[in-house]
Amino acid sequence: MKKTYKIDVDCANCANKMEDAANKTPGVKSAVVNFMTLKMHVEFEEGQDPKSVMTAVRENCKKVEDDCEIFL
């Protein structure tokens, strides 16, 4: 399953940090952050609940970039 989320981030470097953190989150098959459109495209591993995985993604992203936001 793939979903797209609106994000709020200040710079391209911060967006890269978010992408790396999202890709390291269990349950995420792949994540791509597009700084120009302020969107995060996430593909989930089979059988994963997107809502709970994205809660973990948000927490991991906040650890590397505390003023970022993902709108679930």
Side-chain angles (χ1 to χ4, degrees):
M1 173 187 287
K2 295 181 183 180
K3 289 193 162 217
T4 300
Y5 299 91
K6 183 172 174 11
I7 63 169
D8 183 25
V9 63
D10 295 330
C11 68
N13 186 46
C14 300
N16 286 334
K17 289 180 187 178
M18 288 179 69
E19 182 175 292
D20 289 343
N23 277 304
K24 292 177 183 173
T25 305
V28 174
K29 187 172 183 179
S30 71
V32 177
V33 172
N34 185 323
F35 176 67
M36 296 302 290
T37 62
L38 293 176
K39 302 229 173 170
M40 178 185 284
H41 306 282
V42 181
E43 184 175 358
F44 300 95
E45 292 177 353
E46 182 102 15
Q48 295 294 318
D49 174 43
K51 187 172 181 177
S52 59
V53 172
M54 286 308 295
T55 298
V57 167
R58 181 188 271 169
E59 290 172 8
N60 288 342
C61 287
K62 288 280 191 184
K63 289 176 186 174
V64 297
E65 192 54 49
D66 62 347
D67 63 345
C68 72
E69 187 59 66
I70 303 171
F71 301 99
L72 303 180

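The shortest non-hydrogen separation linking Asn34 to Thr37 is OD1-N, 3.1 Å. Ala22 and Cys61 get closest at one heavy-atom pair: N-SG, 4.4 Å. Residues Ala15 and Phe35 share a closest heavy-atom pair of CB-CB, 4.0 Å. Between Tyr5 and Ile70 the shortest heavy-atom distance is CB-CG2, 3.9 Å.
With sequence neighbours left out, the side chain to side chain contact (heavy atoms under 4.5 Å, CB included) criterion links Asp10 to Asp67. In this structure, the side chain to side chain donor-acceptor pair (under 3.5 Å) partners of Thr4, at least two apart in sequence or on a different chain, are His41. For Asp66, the side chain to side chain contact (heavy atoms under 4.5 Å, CB included) criterion is met by no residue, not counting sequence neighbours. For Lys3, the salt bridge (Lys or Arg N to Asp or Glu O under 4.0 Å) criterion is met by no residue, not counting sequence neighbours.
Atom NZ of Lys6 is separated from atom NZ of Lys39 by 7.5 Å, given to the nearest 0.5 angstrom. Here the CG-SG distance, from Asp8 to Cys14, works out to 10.5 Å after rounding to the nearest 0.5 Å.
Between Glu69 and Arg58 there is a salt bridge, with a side-chain nitrogen of the basic residue lying less than 4.0 Å from a carboxylate oxygen of the acidic one.
Legend: side chain to side chain donor-acceptor pair (under 3.5 Å) pairs involving residues 11-29, not counting sequence neighbours, sorted by first then second residue: Thr25-Asn60.
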What donor-acceptor contacts under 3.5 angstrom involve side-chain atoms of residues 45-54, with partners at least two apart or in another chain?
residue : atom : partner : partner atom : Å
Asp49   : OD2  : Ser52   : N            : 3.3
Asp49   : OD2  : Ser52   : OG           : 3.2
Ser52   : OG   : Asp49   : O            : 3.1

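In the hydrophobic cluster analysis, where Ile, Leu, Val, Met, Phe, Trp and Tyr join through side-chain heavy atoms closer than 4.5 angstrom, Phe44 is grouped together with Met40. Residues Leu72 and Val57 share a hydrophobic cluster, clusters being chains of Ile/Leu/Val/Met/Phe/Trp/Tyr side chains in contact below 4.5 Å.
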